[in-house]
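Written out below as structure tokens is the structure these notes cover.
Residue numbers start at 1 and run along the sequence shown.
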Amino acid sequence: MATTTTGAVGSGRHLRRDVGFWGLMFVSLGSIIGSGWLLGALTAAKLAGPASLLSWVLAAIMLSLLALVHAELGAAYPVAGGTARFPAFAFGSLAGFAAGWMAWLQAVSLAPIEVEATLSYSDHISWVHRNFPLLRTDGTLTGTGLIVASVFMLIFIVINVVGVKLLSESNSITVIWKTAIPLLTIVVLLLLTFHAGNFSAGGGFAPFGAHGVFAALPAGVVFALQGFEQAIQLAGEAKNPQRDVSRAVITATAIGTIVYILLEITFIGALDPANLAHGWANPIGKGDFGPYATLATGAGVAWLAWMLYADAVISPAGTGLVYIATSSRLSYALGREKALPRQVAQVSKKGVPLVSIIIAFVVGELCFLPFPSWSKLVALVTEATAIMYAFAPIAITALRLRDPDRPRPYRLPAFKVLAPVSFVAANLIIYWSTFQAEWKLGVASLLGLVIFALNRLRLPAGERVPLNVKSSSWIWPWFGVMVIIGALGRYGGSNTIPNWWDVVIVGVWALVVYYVAVRLAVSGAEVNAAVEAEEAELRSAPTLNLAD
């Protein structure tokens with residue numbers, strides 16, 4: 001099939017538009033259902049008890065609002081690495097880099113995290129641990145584990161290098177399995193072992209109060225539900241982005257939400273009531289790396305336990321595959337914006353950003369060095385994701401005001417209410433992700449700015465795009481104050497701010513930033529110029545006959 005390719009800096013080739021609705025939907029759903037479903041319910045229950053159900057409902061509401069915001073942006077501006085490009089259209093190149101850098105940090109770290117989750121599950125199979133130990137006692141990889149992890153990453157690279165069509169097709173097959181296994185687990189455990197009394201055991205429905213409900217969000221709940229934006233990142237490779245992107249995002253989010261809430265109900269109901277007599281510190285005994293498999297074994301369905309151990313390899317690996325693609329598209333987008341060296345935006349004859357994919361592989365390999373374990377990195381990744389998401393509600397309002405005539409196949413309903421509420425939601429997730437995650441990402445942001453500045457200095461003066469410093473001036477006070485609130489707050493901070501007042505302060509600050517930022521957006525003429533330049537480059541790209 002002949003395919004018209006779309007644009008890349010300095011190469012005359014662009015990303016191929018090969019992905020339809022099902023491919024986009026499966027990319028998002030495959031990101032939502034990864035290692036999070038295997039660990040999220042246990043982690044949330046330990047922190048919130050039965051009230052962890054409220055954590056999942058709250059996270060689902062917050063992320064659904066953010067998904068709807070991204071659905072409009074992705075359909076109206078279907079470009080690769082959209083989370084980096086939307087803020088660039090609305091606030092200029094410096095804001096685009098700030099959002100894109102944070103998006104890239106979370107995406108590039110997720111593939112190795114998912115691989116480590118796969119190896120963690122596998123190492124807890126006695127035969128594997130006895131003959132091919134993959135982890136040391138501190139959770140870091142052994143030599144054998146490093147080799148196996150590298151093989152996984154190489155497989156991801158090969159699939160991505162071959163092309164996005166193979167990526168979407170292979171991912172679609174994986175996602176069918178990844179969705180079927182949780183649904184099968186729900187049905188079997190609900191039928192065989194369900195104890196309604198567990199929802200009031202171990203100290204009542206909410207043994208840790210509201211603090212536990214909020215603390216569970218960054219400890220695996222938000223991490224599990226995130227990922228809807230993957231269809232947005234690949235919108236530049238969609239066959240019909242105006243029609244398919246918003247549908248894909250909304251469909252994937254709805255399916256993921258239903259599955260995760262049912263999983264939490266099933267998990268709590270399937271627990272042995274004797275394990276809850278003294279609280280929720282250790283609700284399943286041994287088997288933290290395979291809680292559902294432990295429950296299946298206890299219910300006498302060993303065949304389900306083995307399917308779950310197989311899924312512990314397939315689900316994280318499938319998500320890791322998608323995030324290699326995502327991180328490469330984000331660095332590609334930053335290269336297109338000249339925020340990173342232009343080499344990262346080079347596209348191969350197969351129509352994929354080859355240099356960006358290789359960079360994702362190298363950084364992923366570095367993540368396999370003795371860094372914190374999967375569980376300790378979840379809060380950091382959750383916060384980076386929330387920061388990335390937070391740019392979208394401001395961008396959607398700024399672009400509605402500055403670019404009102406652009407066709408919007410999907411429109412966020414009541415956007416004057418839902419857009420600021422979505423921004424507040426993202427800021428609350430940032431706050432709940434703990435002060436430790438906030439200051440670490442603050443340091444990472446400064447490192448990104450240094451890279452941005454060095455790359456800008458090496459560009460010829462005529463190629464330096466305007467920074468729009470005034471339009472992006474809200475970003476640094478916004479995040480700086482969030483770090484201060486975190487330091488004084490109840491989630492990794494000094495507990496200086498009283499309970500509930502911290503939520504009020506975060507909400508008020510978010511609204512102040514939201515309305516100030518919208519007023520600081522670039523002019524309508526500048527938005528139109530940026531979007532038209534993007535569209536002109538796409539139109540000027542040659543048509544390549546790349547038969548499949």
Open item on the list: Is any side-chain heavy atom of F223 closer than 4.5 Å to one of L110?
Closed with: yes
- [ ] Assess R247 against Y410: is NZ or CZ under 6.0 Å from the centre of the six-membered ring, and within 45 degrees of the ring's axis?
- [x] no
Task: More than 12 heavy atoms of other groups within 6.0 Å of R519 CZ - done: no
Task: Beyond-backbone contact of L66 with P393, side-chain heavy atoms, under 4.5 angstrom - done: yes
Task: No-hydrogen, no-angle side-chain donor-acceptor test under 3.5 Å, E229 and S28 - done: no
Task: Heavy-atom side-chain proximity of Y514 to T397 below 4.5 angstrom - done: yes
- [ ] Evaluate the side chain to side chain contact (heavy atoms under 4.5 Å, CB included) criterion for residues V57 and I61: first the C-alpha distance (whole Å), next the side-chain angles of each, then the deciding distance (0.1 Å), finally the verdict.
- [x] CA-CA 6 Å; V57 172; I61 293 171; 4.1 Å; yes
Open item on the list: Quick one: does any side-chain atom of R456 pair with a main-chain N or O of R464 as donor and acceptor, under 3.5 Å?
Closed with: no
TODO: Check whether the side chains of W478 and N427 place a donor and an acceptor atom closer than 3.5 Å, and report yes or no.
DONE: yes
TODO: Check each of V249, L29, V27, T257 against F228 using the side chain to side chain contact (heavy atoms under 4.5 Å, CB included) test, and report the only one that passes.
DONE: V249
- [ ] Specify the closest pair of heavy atoms between V344 and S356, including all atoms of both residues, with the distance to one decimal.
- [x] O-OG, 2.5 Å
Task: Shortest non-hydrogen contact from A386 toward I430 - done: CB-CG1, 3.6 Å
- [ ] Give, for atom OG1 of T253 and atom CD1 of I32, the distance between the pair rounded to the nearest 0.5 Å.
- [x] 4.5 Å
Open item on the list: Show, in sequence, the C-alpha distance, side-chain angles and deciding distance for V259 and W37, and conclude whether the side chain to side chain contact (heavy atoms under 4.5 Å, CB included) test is met.
Closed with: CA-CA 9 Å; V259 169; W37 93 263; over 6 Å; no
Task: Intermediate values then yes/no, side chain to side chain contact (heavy atoms under 4.5 Å, CB included), M62 and L58 - done: CA-CA 6 Å; M62 298 168 85; L58 179 59; 3.8 Å; yes
Open item on the list: Tell me if the aromatic rings of Y77 and F89 count as close, with their centers under 6.0 Å from one another.
Closed with: yes
- [ ] Specify the closest pair of heavy atoms between A59 and V221, including all atoms of both residues, with the distance to one decimal.
- [x] CB-CG1, 3.6 Å
Open item on the list: Against the six-membered ring of F415, is R400 placed for a cation-pi contact (under 6.0 Å from the centre, within 45° of the normal)?
Closed with: yes
TODO: Indicate yes or no: at least one non-hydrogen side-chain atom of T251 is less than 4.5 angstrom from one of F21.
DONE: yes
Open item on the list: Do Y491 and P218 have side chains that approach each other closer than 4.5 Å (heavy atoms only, starting at C-beta)?
Closed with: no
TODO: Assess the side chains of Q226 and Y389: does a donor N or O sit below 3.5 Å from an acceptor N or O?
DONE: no
TODO: Give, for atom CG of L399 and atom CG of L73, the distance between the pair rounded to the nearest 0.5 Å.
DONE: 6.5 Å
Task: Nearest heavy-atom neighbours spanning A384 and L441 - done: N-CD1, 3.4 Å
- [ ] Calculate, to the nearest 0.5 Å, the distance between atoms CE and CD1 belonging to M482 and I505 respectively.
- [x] 11.0 Å
- [ ] Indicate yes or no: at least one non-hydrogen side-chain atom of K440 is less than 4.5 angstrom from one of L380.
- [x] yes
Task: Side-chain heavy-atom pair V69, L418 within 4.5 angstrom cut-off - done: no
Open item on the list: I need the S471 OG to L94 CG distance, nearest 0.5 Å.
Closed with: 10.0 Å
Open item on the list: I need the minimum non-hydrogen distance between E526 and N468, along with the two atoms involved.
Closed with: OE2-ND2, 3.4 Å
TODO: Compute the ring centroids of H70 and F86, then answer whether they are less than 6.0 Å apart.
DONE: no
- [ ] With rounding to the nearest 0.5 Å, note down the distance linking OH in Y431 to CG in L217.
- [x] 12.5 Å
Open item on the list: I'd like to know if the side chain of Q436 and the backbone of G492 have a donor-acceptor N/O pair within less than 3.5 Å.
Closed with: yes
- [ ] Dump the intermediate steps for ring-ring contact (aromatic ring centres under 6.0 Å, His included) on F391 and W101, then the final yes or no.
- [x] CA-CA 12 Å; F391 281 90; W101 177 252; over 10 Å; no
TODO: Could you check if a side-chain atom of V363 sits within less than 4.5 angstrom of a side-chain atom of W104, using non-hydrogen atoms only?
DONE: yes
- [ ] Work out which heavy atom in I396 is nearest to a heavy atom in A419; give both atom names and the distance.
- [x] CG2-CB, 4.1 Å
Task: Donor-acceptor pair, side chain of R402 and main chain of A90, under 3.5 angstrom - done: no
TODO: Starting from the C-alpha separation in whole Å, work towards a yes-or-no answer on side chain to side chain contact (heavy atoms under 4.5 Å, CB included) for F361 and L154.
DONE: CA-CA 8 Å; F361 171 76; L154 282 171; 3.8 Å; yes
- [ ] For the pair R408 and E72, evaluate salt bridge (charged side-chain N to carboxylate O under 4.0 Å, His left out) and give the outcome as yes or no after the intermediate values.
- [x] CA-CA 7 Å; R408 288 172 167 81; E72 175 175 324; 3.2 Å; yes
TODO: To the nearest 0.5 Å, tell me how far D405 CG sits from D403 CG.
DONE: 7.5 Å
